[in-house]
Amino acid sequence: VRIARALPLAIALLAAPAAAQEGVVVGRVRSAADSAPVAGAEVLLGSGARSTRTDSAGSFRIGAVPAGRQRVVVRRVGFLPAGADVAVRG
């Protein structure tokens with residue numbers, strides 16, 4: 001039996017204004033162990049009603065995000081989940 005070790009994730013976030021009372025959350029997900037980009041990670045916003053996946057460079061973008069404080073959670077098999085709060089300005 002082989003046991004996989006879960007590795008921590010690192011998230012870099014940027015929230016930018018978009019339309020009235022909405023913004024955009026963009027970021028990059030990297031392995032905290034070696035800073036390598038993490039492709040295919042699931043990025044959840046708030047309660048998980050909005051989500052996307054990272055591209056091959058570990059980047060993601062979620063548009064039309066309501067202004068205010070938002071919680072971003074990232075999950076990927078083989079990694080520990082990571083979360084961060086971001087203030088979205090509309």
Side-chain angles (χ1 to χ4, degrees):
V1 174
R2 186 172 197 177
I3 299 175
R5 185 175 68 168
L7 299 171
L9 292 170
I11 309 169
L13 297 171
L14 172 66
Q21 302 304 312
E22 291 183 342
V24 177
V25 176
V26 295
R28 179 172 280 174
V29 178
R30 295 184 171 275
S31 168
D34 62 5
S35 295
V38 178
E42 182 179 31
V43 181
L44 304 160
L45 184 67
S47 63
R50 306 276 316 272
S51 66
T52 190
R53 292 208 177 263
T54 57
D55 63 16
S56 61
S59 299
F60 67 90
R61 180 183 195 281
I62 301 175
V65 177
R69 234 153 149 74
Q70 300 289 338
R71 180 78 175 160
V72 178
V73 176
V74 179
R75 299 187 305 203
R76 178 78 162 95
V77 173
F79 291 87
L80 296 171
D85 292 320
V86 64
V88 178
R89 292 175 285 166

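What's counted below: heavy atoms across the whole structure, side chains too, no hydrogens, waters or symmetry copies.
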Can I get a per-line list of side-chain donor-acceptor pairs under 3.5 Å for residues 64-74, giving both atom names and the distance, sequence neighbours left out?
residue	atom	partner	partner atom	Å
Gln70	NE2	Pro66	O	3.1
Arg71	NH1	Asp85	OD1	3.4

For Arg53, what residues pass the side chain to side chain contact (heavy atoms under 4.5 Å, CB included) criterion, not counting sequence neighbours?
Glu42
Examine distances only and state if a side-chain atom of Ser51 and a backbone atom of Val43 form a donor-acceptor pair shorter than 3.5 Å.
no
Tested for side chain to side chain contact (heavy atoms under 4.5 Å, CB included) against Thr52, the lone hit among Ile62, Leu45, Val25 is Ile62
Locate the shortest heavy-atom distance separating Pro37 from Gly58; write the atom from each residue and the value.
CB-N, 3.9 Å
Euclidean distance, Arg76 CZ relative to Ser31 OG, rounded to 0.5 Å:
11.5 Å
Closest non-hydrogen contact found for Arg30 with Ser35 is NH1-O, 2.6 Å
